[in-house]
Amino acid sequence: MSVSTYISAEKIQERINEIAHLVDIDYNGEEVVVIGVLNGAFMFVSDLIRAMQTPVYLDFIAVSSYEGTESTGKLKMLKDIKVDVKDKHVLIIEDIVDTGLTITKLKALMLERGPKSLKLASLLHKPSRTEHKVDIDYLGFEIEDKFVIGYGLDFNGLYRELPYIGEYSAS
Ligand code: 5GP
């Protein structure tokens, strides 16, 4: 197997600084509840909130809409947030939007809880794989239909610690 660099650590940090600036302009000093989607978004969350000036109330959620590699179409809650988001600004932070299924269901669930506003930041998006169209308010990078790892993203639980996005190939 081999891993090649697809997006360098420097490029990621540059883009994060740009996104943080946009977030700060939009929230204009108001507090935001940041919901990081475990496990893949942990590194992006950590870097993005440190680059932001906006005051953050941080929580994490873990959900799954897949059994193995098969989509079940249903969202299974593995770990819910503790904070009540009613009348709060909420920013969901994801690692990657692939078919869009997971985030579509997660957004619907959060909207039922009555936030003041709901936005989405995703580090990566594979537009060619879209099955459920999602509005991504803050996007890091659009990528081709490749299986990527690193910077939080895993292959069978491994490679999350890499500081860059790599392309995984079995050969
Ligand atoms: P979706 O519901 O949008 O199809 O799937 C999103 C989830 O699939 C992501 O949160 C991530 O866990 C996983 N995923 C999709 N594409 C990739 C990829 O290229 N690499 C890795 N490591 N995970 C991916």
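First listed ligand is number 1; within each ligand, the first listed atom is number 1.
When heavy-atom distances to ligand 1 are checked against a 4.0 Å cut-off, D95 comes that close only through its side chain, counted from C-beta outward. At a heavy-atom cutoff of 4.0 Å, ligand 1 is contacted by no atom of E131, backbone or side chain.
Set against the non-hydrogen atoms of K146, the atoms of ligand 1 under 4.0 Å away are 19 (O). Of all the atoms in ligand 1, the ones that sit under 4.0 Å from a non-hydrogen atom of L101 are 2 (O), 3 (O). Atoms of ligand 1 lying under 4.0 Å from at least one heavy atom of K126, given by number and element, are 16 (N), 17 (C), 18 (C), 19 (O). Each of the following atoms of ligand 1 lies closer than 4.0 Å to a heavy atom of L153: 21 (C), 22 (N), 23 (N). Less than 4.0 angstrom separates some heavy atom of D154 from each of these atoms of ligand 1: 21 (C), 22 (N).
A salt bridge between D135 and K133 is present, with a side-chain N of the basic residue lying under 4.0 Å from a carboxylate O of the acidic one. Using a 4.0 Å cut-off between charged nitrogen and carboxylate oxygen, E18 and R15 count as a salt-bridge pair. Between R113 and D80, at least one side-chain nitrogen of the basic residue sits less than 4.0 Å from a carboxylate oxygen of the acidic one, meeting the salt-bridge criterion.
In this structure, H132 falls outside the shell of residues with a heavy atom less than 4.0 angstrom from ligand 1. Distances from ligand 1 to the non-hydrogen atoms of R129 include no value under 4.0 Å.
At most 12 non-hydrogen atoms from other residues, nucleotides or ligands lie less than 6.0 angstrom from NE2 of H21.
The aromatic rings of Y27 and H89 sit perpendicular to each other, their planes meeting at more than 60°, with 30° as the lower class boundary.
Using a 4.5 Å heavy-atom threshold, the side chains of L58 and V45 count as touching. Residues V90 and K107 form no side-chain contact, since every pair of their non-hydrogen atoms from C-beta on lies 4.5 Å or further apart.
Between G100 and ligand 1, a contact under 3.5 Å exists for at least one N or O pair.
Among V97, N39, V148, the residue whose heavy atom sits closest to atom 20 (N) of ligand 1 is V148.
Side-chain N or O atoms of D137 include one that pairs as donor or acceptor with a backbone N or O of L120 at under 3.5 Å.
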